[in-house]
Protein chains: 2
Amino acid sequence: MDEASFLEGYDPRKYPAVAVTVDVVALTIRDGRLCVLLVERGAQPFAGRRALPGGFVREETLDQAALRELAEETGLTPGGSSAEEDTAGGHEAGSELDRVHLEQLGTYGDPGRDPRMRVVSVAYLAFAPSLPEPTAGSDAARAYWVPVDEAKDLAFDHDQVLADGLERARAKLEYTPLATAFTGPEFTIGELRQVYTAVWGEELHAGNFHRKVLSVPGFVESTGETTARGGERGGPKPKLYRAGDARLLHPALLRPTREDRVR
Amino acid sequence: MDEASFLEGYDPRKYPAVAVTVDVVALTIRDGRLCVLLVERGAQPFAGRRALPGGFVREETLDQAALRELAEETGLTPGGSSAEEDTAGGHEAGSELDRVHLEQLGTYGDPGRDPRMRVVSVAYLAFAPSLPEPTAGSDAARAYWVPVDEAKDLAFDHDQVLADGLERARAKLEYTPLATAFTGPEFTIGELRQVYTAVWGEELHAGNFHRKVLSVPGFVESTGETTARGGERGGPKPKLYRAGDARLLHPALLRPTREDRVR
DNA sequence: TCGAGTAATACTCGGAGTGAGAAAAACTCG
DNA sequence: CGAGTTTTTCTCACTCCGAGTATTACTCGA
């Protein structure tokens, strides 16, 4: 930020009031479908419409505000930092929110996006393993998971925010180990493949996926164990893996069908 | 944005005042070096320190605010939209700012990042062909281009903002035709390679680069012309190209030396 | 208990893309 | 003119990919 000379001594409080909020695009996978957390709006404007959870920023960092909003709406209590964290081994006292990956998505501040006043909203993207339906918390009563393809006609510019979040999520699956943020601490290659299938909305060749995941250094590491049972519809007991220490996937797992890349 | 029930009728103007600003990381290439536009701060805090250009958001979109700040600091006048635009053919009346590519980088809002009050700053990233030294405009007198490796100890959290901007720029060169935003409307493959060299800070194999650029559909298209003269230090007259219509490069031009990818 | 169906895993094959190096040709400058 | 430089094109070996096939180990229902 810079004050030009003519702004010297300028008091920004004299500006028309600007409110800063955070909105959260929280994604999870339930029953093999990619879902987003929405709340039902009770008040005007957009009363009765669904919206992304969010609220005003208090005396806290933007990251903290996003995590707080997510905690309030899901009824879960934040345990640790906003970065995902492996409690490899037994389940410690950490909240389920400890495993949530949170990152800033973008900021939406067009005049008029909220009819009441100028509101600048910082959107966040959250990735979580399958979380319980948020009914517990008092505040969370109005929040629920909705499959992303049914999340339309949202309040404000939230259709756009959600679309941007989905595109970000799909892209990040290609070159980061983000998919493991959707699984439990231990998972099978098949479960990992289902994450990609749900987010990308495309079937993947099981054999090639298997080969590629295991060939990327640091993506997954074997636990040496297998599941206790085979799949529900048959098949051998798959091996179990946990997330490795890679931050970027190399080589990347690129999405198929990329003819639509040129303008 | 969502108002929880207990916020019904809440007036956000009762919150401690929050100011919203835009900061611009404007990059260009001068003499083969990647440079960023900085201003010298005259007032406290951080008087005498260098900072990214920026200022308060007015009644305008965030994108417009960023373009306005950039125009004010460079002394150039904005002509068209914020998106880059090809005036293929003759030079029309458009400003040099028409060819600037502008995109949102991220938002920085830690309490205390500005000692005076709570300031939430939306950072933008701008890419421009070599622009004149900004001396013309009244307001721009304090702004100048600085090689990025000499841009240290900036005011506020601008070291971090600049670092984030550089990483974004380096990454986008890999999978988008962004490099053409640093060149003139017509350019040679060698000039394009120098853009990559300057931004990535690494030498590239000329033969392989040539092959890859021409093999990516829609990256560049031939004008059928060559330059009037060969290079200053010799070599044949290179062919001229202009930007194609691709929005994403496929296959991508990946950076070399990727051992440092894992945590 | 058997047989059908399914999933995990491991192959093979041909094609595309890549880094490194070589080389021919075209041009500048001294 | 000659040395040095750049553009442009090849070659070669290697990696990676998509598609297909095969094997094996399961579950479940008849």
Side-chain angles (χ1 to χ4, degrees), chain A residues 32 174-175 183 186-197 200 202-217 219-241 248-259 261, chain B residues 32 174-175 183 186-197 200 202-241 246 248-259 261:
Chain A
E174 292 191 314
Y175 57 91
T183 67
E186 299 192 348
F187 50 86
T188 68
I189 304 288
E191 286 168 358
L192 195 62
R193 180 162 45 82
Q194 284 173 39
V195 171
Y196 278 87
T197 301
W200 285 350
E202 300 187 74
E203 291 302 317
L204 298 175
H205 182 118
N208 290 340
F209 183 84
H210 199 97
R211 175 184 39 163
K212 284 160 76 168
V213 167
L214 294 185
S215 79
V216 176
F219 190 6
V220 299
E221 62 186 36
S222 174
T223 66
E225 308 284 306
T226 68
T227 59
R229 294 195 22 118
E232 291 189 11
R233 295 200 293 273
K237 295 171 187 163
K239 295 177 185 166
L240 282 170
Y241 297 84
L248 292 170
L249 305 185
H250 187 73
L253 277 78
L254 298 180
R255 276 175 278 186
T257 60
R258 31 199 62 265
E259 311 309 326
R261 296 207 133 206
Chain B
E174 293 191 315
Y175 57 93
T183 68
E186 298 193 350
F187 50 87
T188 69
I189 304 288
E191 287 168 358
L192 195 61
R193 179 161 46 81
Q194 284 173 41
V195 171
Y196 278 88
T197 301
W200 285 348
E202 300 186 74
E203 291 301 318
L204 298 175
H205 181 117
N208 290 341
F209 182 84
H210 199 96
R211 176 186 31 155
K212 284 159 76 165
V213 167
L214 294 186
S215 78
V216 177
F219 191 5
V220 301
E221 61 186 37
S222 174
T223 67
E225 307 285 306
T226 69
T227 60
R229 292 196 24 115
E232 291 189 9
R233 295 200 291 273
K237 295 171 188 160
K239 295 177 186 164
L240 282 170
Y241 298 84
L248 291 170
L249 304 185
H250 187 73
L253 277 79
L254 298 181
R255 277 176 277 188
T257 61
R258 30 199 65 264
E259 312 307 326
R261 298 208 130 206

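Keep in mind it's a predicted model, so treat the numbers as computed, not measured. Sequence lines set the chain letters: A, B, ... in the order given, protein chains first and strands last, and positions in each chain run from 1. What you see below is based on every heavy atom in this structure, not just the backbone, and it leaves out hydrogens, waters and symmetry mates.
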[atom1] of [X] versus [atom2] of [N]: gap in Å, rounded?
| X | N | atom1 | atom2 | answer |
| --- | --- | --- | --- | --- |
| A:Arg229 | C:dT6 | CZ | P | 17 Å |
| B:Asn208 | D:dT11 | CG | P | 14 Å |
| B:Gln194 | D:dT6 | CD | P | 9 Å |
| A:Leu192 | C:dT9 | CG | P | 12 Å |
| A:Lys239 | D:dT24 | NZ | P | 15 Å |
| B:His205 | D:dC10 | NE2 | C1' | 11 Å |
| A:Leu214 | D:dC16 | CG | P | 14 Å |
| A:Glu203 | D:dA19 | CD | P | 13 Å |

Which nucleotide in [options] has an atom nearest any side-chain atom of [X]:
| X | options | result |
| --- | --- | --- |
| B:Pro251 | C:dG17, D:dT6, D:dT8 | C:dG17 |
| A:Pro238 | C:dT9, D:dG20, C:dG19 | C:dT9 |
| A:Pro236 | D:dA25, D:dT27, C:dT9 | D:dA25 |

For the helix from C:dT1-D:dA30 to C:dG30-D:dC1, what angle separates the axis at the start from the axis at the finish, each from five pairs, in steps of 10°?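 One end's axis against the other's: 20°.
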
Between B:Gly190 and A:Lys237, name the one whose nearest nucleotide on DNA chain D is closer to the 5' end. B:Gly190

At what distance, to the nearest 0.5 angstrom, does NZ of B:Lys239 lie from OG1 of B:Thr188?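 The distance works out to 12.5 Å.
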
When rounded to the nearest 0.5 angstrom, what is the spacing between CG in B:Leu254 and OH in A:Tyr175?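 Nearest 0.5 Å value for the CG-OH distance: 12.5 Å.
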
Just checking B:Ala228: base, sugar-phosphate only, or nothing, at a heavy-atom cut-off of under 4.0 Å?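 Contact class for B:Ala228: none.
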
Phosphate OP1/OP2 of [N]: any [X] side-chain N/O under 4.0 Å:
| X | N | value |
| --- | --- | --- |
| A:Arg255 | D:dG18 | no |
| A:His210 | C:dT9 | yes |
| A:Arg211 | C:dT9 | no |
| B:Arg233 | D:dA3 | no |

Kindly say whether A:Arg255 contributes a backbone atom to a donor-acceptor pair with the side chain of A:Glu174 at under 3.5 angstrom?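 Yes.
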
Is the shortest heavy-atom distance from the side chain of B:Leu214 to the side chain of B:Ser222 under 4.5 Å?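 In short, these two side chains do not touch, never coming nearer than 4.5 Å.
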
Residue closer to the 5' end of DNA chain C, B:Leu253 versus B:Gly235 (nearest nucleotide): B:Leu253

